[in-house]
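Just so you know, these numbers use all the heavy atoms, side chains as well, and skip hydrogens, waters and symmetry mates. Below, chains carry the letters A, B, ... as their sequence lines are ordered, and counting in each starts from 1.
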There are 2 protein chains.
Amino acid sequence: MSNDLDTVFAALADPTRRAILAMLLEDDMAVTDVADPFEMSLAAISKHLIILTKAGLISQEKRGRVKWCKLEPDALRAASVWMQGFGQFEPVNLDAFERFLEVELPATDDP
Amino acid sequence: MSNDLDTVFAALADPTRRAILAMLLEDDMAVTDVADPFEMSLAAISKHLIILTKAGLISQEKRGRVKWCKLEPDALRAASVWMQGFGQFEPVNLDAFERFLEVELPATDDP
DNA sequence: CGTATATTCAACCAAATGGTTGACCAAAAC
DNA sequence: GTTTTGGTCAACCATTTGGTTGAATATACG
């Protein structure tokens, strides 16, 4: 009964995880670097990354001792289709998206 | 820190609630009728409806002693925009959506 | 070699979630 | 006016969630 929409939407329901996805939009990142801007233990971020991985929203590849996280935007496709079924929403309103990013991205204190 | 993407995505993460939304796509419904196809107490469905209402995904209006539930698809807009920021997904793939409905709608045992 | 770095694991905790039941209240029906 | 009907409330319960800490593991550095 539990399909993957469950896990995808649940993964997206947490602001920390959405912020992580937004960060990975820029570039692949190591776990430690992902954790850096958050006021939260590394272990906590590690758990969030596992949840995102299980939802298919990111993939993790270990090279040497660092584990690289890579965005997998295709995992959003099914969820997007489901939502589109309820109405035609603006296809890609980049302005609106940027606004979300500003609100959701953790404050990176380096200028 | 908690914005409404939190509540919308969290509301969508439950299969019962997604099924309810899909049912309301057809028509407005009374709470009792919404609850009917589910093997779950009326109180449980009532709670789900409250969560959907708080997320803005439905509205409820009491007329007489029956409370009518109405889909509010606009509440999905922000979440949709957010997701679209990660990639261009098929605008409206109705076939794919129908497939979700088949999987997710509770079996209505009347032919 | 020994030590530092990157990441996870395990145990624990508080709070939230999804469900139950039974009492309750308002509107309708008889 | 009594009884259904429609729906919520309150208390409770088990499980999940999001976080902590400290120990453990594996790779790299000097």
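Closest contact between the side chain of M40(B) and the listed nucleotides dT20(C), dG18(C), dT21(D) involves dT20(C). Closest to the S46(A) side chain, of the nucleotides dG19(D), dT8(C), dG18(C), is dT8(C). In the set dT8(D), dG18(C), dG6(D), dT8(D) carries the atom at the smallest distance from any side-chain atom of K67(B). Of the listed nucleotides (dT8(C), dG18(C), dG18(D)), dG18(C) has the atom at the smallest distance from the side chain of H48(B).
Note: CZ (R18(A)) to P (dG18(D)) measures 12 Å, nearest angstrom. Atom CD of E61(A) is separated from atom P of dA6(C) by 18 Å (rounded to the nearest Å). Residue D14(A) contributes atom CG, which lies 5 Å from atom P of dG18(D) at whole-angstrom precision. In this structure, K62(B) places its NZ atom 13 Å from P of dC25(C), rounding to the nearest Å. One interatomic measurement links the two molecules: CG of L42(A) to P of dA24(D), which rounds to 18 Å at whole-angstrom precision. Taking atom NZ of K47(B) as the reference point, atom C1' of dC9(D) lies 10 Å away to the nearest angstrom. Taking atom CG of residue D6(A) and atom P of nucleotide dT17(D), one finds them 11 Å apart after rounding to whole Å. Regarding E39(A), its CD atom lies at a distance of 16 Å from the C1' atom of dG18(D), rounded to whole Å.
Nucleotides of DNA chain D nearest to A44(A) and A43(B) differ in position, and the one nearer the 5' end is that of A43(B). Residue whose closest nucleotide on DNA chain D sits further toward the 5' end, between T16(A) and G64(A): T16(A).
In this structure, CG on L5(A) lies 11.0 Å from CE on M83(A), to the nearest 0.5 angstrom. Here the CG atom belonging to L52(B) is positioned 8.0 Å from the CG atom belonging to L24(B), to the nearest 0.5 angstrom.
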Take M40(B) and K47(B) through the test side chain to side chain contact (heavy atoms under 4.5 Å, CB included) and record every step on the way to the result. CA-CA 11 Å; M40(B) 192 184 299; K47(B) 283 190 190 177; over 6 Å; no

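Distances shorter than 4.0 Å separate none of the side-chain N or O atoms of S41(A) from OP1 or OP2 on dG19(D). Proximity of R63(A) to the phosphate of dA6(C): no side-chain N or O atom is located under 4.0 Å from OP1 or OP2. Taking 4.0 angstrom as the limit, R65(A) places none of its side-chain polar atoms (N or O) nearer than this to OP1 or OP2 of dT25(D).
Heavy atoms only, all atoms of each residue included: M23(B) and D33(B) are closest at CE-O, 4.2 Å.
Two different hydrophobic clusters hold V66(A) and I58(A) under the rule that ILVMFWY side chains link at heavy-atom gaps under 4.5 Å.
Using a 4.0 Å heavy-atom distance criterion, A10(A) is classed as making no nucleic acid contact.
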